[in-house]
Amino acid sequence: MAIAASLIDIVKEEMAKHNASKLLMVRVCYGKLTNLVPEALSFAFEVQTQQSPLEGAELELKEIPVTVTCGECSTEFTPEGTDLFCMPCPSCENLFGHTVLTGKELYLDHLEAE
């Protein structure tokens, strides 16, 4: 609910800056490591925008995959499977000490309004 409320605040600010009165679509990008639950955000967004100029707007959610750099051999890779605690490097099989490059993001990417 808090993420949806923050998103709505940002959207309202942007709409005010551009003198828009009706929101048509908003796209949010989120990394897989944010633990965001898309269904929960969609539900919260729908509920919190009812009876407002944002009601009926499409909420598009785009997941950003996890990519890391191996702490041992510096190979960049996308971990396979769903277990993100154990990410063996495809080159040297090192399990730990990786640097996360993508997957922690959460941002408003695009919005359309009139």
Shortest non-hydrogen contact between E105 and T34, atoms and distance: O-CG2, 3.2 Å
Residues in side chain to side chain donor-acceptor pair (under 3.5 Å) contact with S52, at least two apart in sequence or another chain: none
Within 6.0 Å of CD in E46, more than 12 heavy atoms from elsewhere: no
Gap between atom CD1 of I8 and atom CG of L54 - 0.5 Å precision: 6.5 Å
L33-L61 co-clustered via ILVMFWY side chain contacts under 4.5 Å: no
Hydrophobic cluster membership, I64 vs L111, 4.5 Å side-chain cutoff: no
Cluster link L106 to L108, ILVMFWY, side chain under 4.5 Å: yes
Residue list, side-chain contact (heavy atoms from CB on, under 4.5 Å) with L95, at least two apart or on another chain: C86, P88
Flag, side chain of Q48 to backbone of M1, donor-acceptor distance under 3.5 Å: yes
side-chain contact (heavy atoms from CB on, under 4.5 Å) against S74, all qualifying residues, sequence neighbours excluded: T69
Sequence neighbours excluded, every pair satisfying ring-ring contact (aromatic ring centres under 6.0 Å, His included) that has a member inside residues 30-56: none
More than 12 heavy atoms of other groups within 6.0 Å of N19 CG: no
For A57 against M25, the heavy-atom pair lying closest together: CB-N, 4.4 Å
Minimal non-hydrogen separation, M15 against S21, with atom names: CE-C, 3.7 Å
Partners meeting side chain to side chain donor-acceptor pair (under 3.5 Å) with T102 (sequence neighbours left out): T67
Salt bridge (charged side-chain N to carboxylate O under 4.0 Å, His left out) pairs, two or more places apart, involving residues 11-26: E14-K17
Nearest-0.5 Å distance, CD of residue E63 to SG of residue C29: 11.0 Å
Which residues share a salt bridge (Lys or Arg N to Asp or Glu O under 4.0 Å) with E55, sequence neighbours left out: none
Atom CD of E93 with >12 non-hydrogen neighbours under 6.0 angstrom: no
Qualifying ring-ring contact (aromatic ring centres under 6.0 Å, His included) pairs with a residue from residues 86-114, counting only residues at least two apart or across chains: F77-H98
Closest contact, heavy atoms only, E112 versus L23: O-CD1, 3.4 Å
Residues that T75 engages under side chain to side chain donor-acceptor pair (under 3.5 Å), provided they are two or more places apart: S91
Partner set under side chain to side chain donor-acceptor pair (under 3.5 Å) for D109, not counting sequence neighbours: R27
Closest approach of L41 to L59 (non-hydrogen atoms, all atoms of both residues): O-CD2, 4.1 Å
Atom CD of E80: over 12 foreign heavy atoms under 6.0 Å: no
